[in-house]
Amino acid sequence: MSNTGKGREQDRAKVAGGQEHEVRYEADKENVSKAAVKDAVHEVGNGRDKVEAELDRKK
């Protein structure tokens, strides 16, 4: 795993719903709105695989 600017490890397997840049990245990647990403994180948790599966299901 890579480190953040503060020396902590990043977990790329999760979507941090409170981090605007992560929500924007996932929204652009899945071609959905940022609100849809936040809703998916709220519904299924922050696991990237689960969020992407939920977004695909709703398309």
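Reckoned from all heavy atoms, side chains included, excluding hydrogens, waters and symmetry mates.
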(request) Could you tell me whether E43 and K50 have a side-chain N and a carboxylate O separated by less than 4.0 Å? (result) no

(message) Strictly below 4.0 Å, N to O, side chains only: are K29 and E52 in salt-bridge contact?
(response)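 Salt bridge between K29 and E52, a charged N being under 4.0 Å from a carboxylate O: yes.
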
(request) Evaluate the criterion side-chain contact (heavy atoms from CB on, under 4.5 Å) for residue pair V37 and L55; output intermediate values, then yes/no. (result) CA-CA 7 Å; V37 173; L55 292 170; 4.1 Å; yes

(message) Between V32 and K59, does the side-chain contact (heavy atoms from CB on, under 4.5 Å) criterion hold? Intermediate values first, please.
(response) CA-CA 9 Å; V32 298; K59 284 185 181 177; 4.0 Å; yes

(message) Return the NZ to CG distance between K14 and D49, rounded to the nearest 0.5 Å.
(response)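 That separation rounds to 12.5 Å.
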
(message) How long is the straight-line distance from CG of D39 back to OG of S33, given to the nearest 0.5 Å?
(response)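 One gets 7.5 Å once the value is rounded to the nearest 0.5 Å.
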
(request) Not counting sequence neighbours, which residues clear side-chain contact (heavy atoms from CB on, under 4.5 Å) with K34? List them please. (result) E20, V23, R24, A27

(message) So, using salt bridge (Lys or Arg N to Asp or Glu O under 4.0 Å) as the criterion, who are the partners of E54 when residues are at least two apart?
(response)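 Counting only residues at least two positions away or on another chain, E54 forms a salt bridge (Lys or Arg N to Asp or Glu O under 4.0 Å) with R57, K58.
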
